[in-house]
Protein chains: 2
Amino acid sequence: MLEAHARAGIRNRLLQKISLEDWDLIGPHLEALTLKERQVIEVPGKPITHAYFLDIGVASVVAVDAEDHRIEVGVIGYEGVTGVPLIMGDARAQHSTYMQIGGSGHRIPQDVFCGALAQSESLRALFLKSAQGFMIQTAHTALANGRAKLEQRLARWLLMAHDRTTSDAVPLTHEFLAVMLGVRRAGVTVAIHGFERRGLVTTRRGQLTIVNRAGIEQVAGSFYGTPEAELKRLLDGK
Amino acid sequence: MLEAHARAGIRNRLLQKISLEDWDLIGPHLEALTLKERQVIEVPGKPITHAYFLDIGVASVVAVDAEDHRIEVGVIGYEGVTGVPLIMGDARAQHSTYMQIGGSGHRIPQDVFCGALAQSESLRALFLKSAQGFMIQTAHTALANGRAKLEQRLARWLLMAHDRTTSDAVPLTHEFLAVMLGVRRAGVTVAIHGFERRGLVTTRRGQLTIVNRAGIEQVAGSFYGTPEAELKRLLDGK
DNA sequence: CCCAACAAGTACGTTTTCGTACTGAAAAAG
DNA sequence: CTTTTTCAGTACGAAAACGTACTTGTTGGG
């Protein structure tokens with residue numbers, strides 16, 4: 001089978017952008033897999049074993065401190081790759097990374113990935129830009145955490161998740177949304193209730209469906225959008 | 001004058017860590033300068049003209065969004081370098097960067113810096129680790145913004161500033177501390193008052209002096225420390 | 001030396017979010 | 001089909017931080 005064919009079913013933006021020459025360094029080493037929600041990808045302080053390229057689903061990157069305070073600092077979906085520290089020359093996971101919304105994708109062993117980066121300047125350039133995009137997302141998470149209201153932060157999160165899923169369903173409990181946003185579960189319930197009342201979403205147990213995306217964007221205001229626009233600029237060039 | 005001598009007066013940790021061979025790519029292009037507080041280093045959306053290596057002083061990296069919400073996402077002092085996007089292959093500033101506490105250092109033109117990175121793998125490795133350290137700092141800022149109380153965040157900031165200055169004085173108004181933390185000026189006043197009452201700091205107009213660092217560390221708890229420890233690991237090796 | 005500009009102290013009602021916890025409903029397990 | 005577990009809805013007082021704004025010191029410029 002031609003390698004070009006092997007890429008046909010791949011939705012991951014970074015894998016798509018890899019040049020034909022570079023593909024030899026990556027493609028043959030990819031392992032396809034299904035990723036269930038809650039599946040652990042990286043554990044803080046532990047070595048990173050693989051870089052995961054998602055096609056579908058959303059992974060959460062959660063910072064944890066010594067007293068077990070935790071908050072999500074970014075999400076990764078088909079637009080990126082997990083294991084940002086690998087790109088920076090560090091093989092140890094800093095944060096907790098796990099699937100928040102189940103999906104599928106491919107993974108590549110850490111050493112193969114790092115070797116490929118060492119060999120190809122164009123691969124380095126591509127993944128550095130992806131890492132830069134993630135940094136921007138983290139910075140804006142810091143901004144939203146410090147400045148936005150719960151409702152705005154929830155809207156921002158839903159939009160980021162929606163960008164990375166193929167349906168309008170967000171299969172998550174209020175409890176998990178609360179952990180990611182670093183707020184009370186009850187606070188999320190009330191906020192979602194407000195969204196529902198305004199016709200922005202519909203809900204049922206363990207699931208939420210985006211009905212009026214534009215309305216949610218309006219709630220999020222400028223807390224949503226900058227990282228997304230910047231990633232586009234970085235990857236699609238000016 | 002021998003280049004080794006030229007490095008004698010340099011306190012910047014990254015410049016110190018540059019190998020003798022790599023020094024030729026960097027050292028001759030450094031321009032020594034004094035940096036006054038409020039001096040602008042990067043403007044969001046504009047090209048990054050230089051990378052600044054501080055010896056003394058503190059630069060603030062402040063994320064801004066379309067509605068002018070702003071918050072500090074990280075600080076840079078003698079342990080790092082400004083212009084993280086340059087290291088990631090992007091020459092456009094994402095955030096607003098300016099001197100928060102005046103000092104001195106050196107700067108190098110953007111093109112020279114990028115050229116050096118392109119030529120030397122060891123330089124790339126060094127600066128990537130520095131960038132990774134900054135990412136960790138940003139992630140923990142997101143954590144603190146979302147989870148910590150004003151008092152803890154203030155303590156964290158004072159410690160980070162103290163780490164990067166040579167004296168115990170922090171020459172800043174409550175107003176600027178408030179902008180960086182993304183809180184009310186009056187809130188900072190009250191919090192500092194609490195610190196003063198407990199003998200952690202002394203204050204006068206436009207200045208604050210660290211008296212009991214250990215006490216401030218206790219207030220910050222685990223919101224302070226992780227990025228610092230990780231940077232040490234990254235730069236000093238395992 | 002005086003005054004405008006700036007920094008800090010203080011106040012107060014309001015909003016937001018928290019901590020906690022109880023209840024009912026839905027789904028999963030047995 | 002029943003029991004157990006999980007999830008969502010709701011409540012309520014308390015804490016934290018807010019917006020605003022008035023006052024009082026400093027300080028540096030005119």
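Order of the sequence lines sets the chain letters (A, B, ...), proteins ahead of strands, with each chain counted from 1. When reading the values below, keep in mind they use all heavy atoms of this one structure, side chains included, and skip hydrogens, waters and symmetry mates.
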Nucleotide of D:dC18, D:dG9, D:dA11 approaching A:Arg184 most closely (side-chain heavy atoms): D:dA11
Residue closer to the 5' end of DNA chain C, A:Glu151 versus B:Val190 (nearest nucleotide): B:Val190
B:Thr138 (side chain) donor-acceptor with B:Val73 (main chain) under 3.5 angstrom: yes
Sugar-phosphate only, base, or nothing, as touched by B:Gly206 at under 4.0 Å among non-hydrogen atoms: sugar-phosphate
Atom-pair distance (CD on A:Glu37; P on D:dC7), nearest Å: 11 Å
Euclidean distance, atom CG of residue A:Leu150 to atom C1' of C:dT16 [Å, nearest integer]: 9 Å
N or O in side chain of A:His174 less than 4.0 angstrom from D:dT6 OP1/OP2: no
C:dC6 base / B:Arg205 side chain donor-acceptor hit below 3.5 Å: yes
Ring geometry between A:His95 and B:His140 (parallel below 30°, tilted from 30 to 60°, perpendicular above 60°): tilted
Protein-nucleotide distance (B:Arg197, atom CZ; C:dG9, atom P), rounded to Å: 13 Å
5' precedence on DNA chain C between B:Phe176 and B:Arg147 (nearest-nucleotide basis): B:Phe176
Exercise: do A:Gln100 and A:Glu37 side chains pair donor with acceptor under 3.5 Å: no
Integer-rounded Å distance: D:dA16 P and B:Asn145 CG: 18 Å
Whole-Å gap separating P (C:dA8) and CG (B:Leu154): 13 Å
Side-chain donor-acceptor contact under 3.5 Å, B:Thr141 with B:Arg156: yes
A:Glu175 CD to C:dT20 P, straight-line distance once rounded to whole Å: 14 Å
Rounded distance in Å - CD (B:Gln207) to P (D:dT26): 15 Å
Within 45° cone of A:Phe53 ring axis and under 6.0 Å: A:Arg11 NZ or CZ: no
Whole angstrom value for the distance that separates P of D:dA17 from CD1 of B:Ile71: 13 Å
A:Thr173 vs B:Lys149, nearer the 5' end of DNA chain D by closest nucleotide: A:Thr173
Touch class at under 4.0 angstrom, heavy-atom based, for B:Gly182 against every strand present: sugar-phosphate
Side-chain donor/acceptor contact of A:Arg185 with base of D:dG9 under 3.5 Å: yes
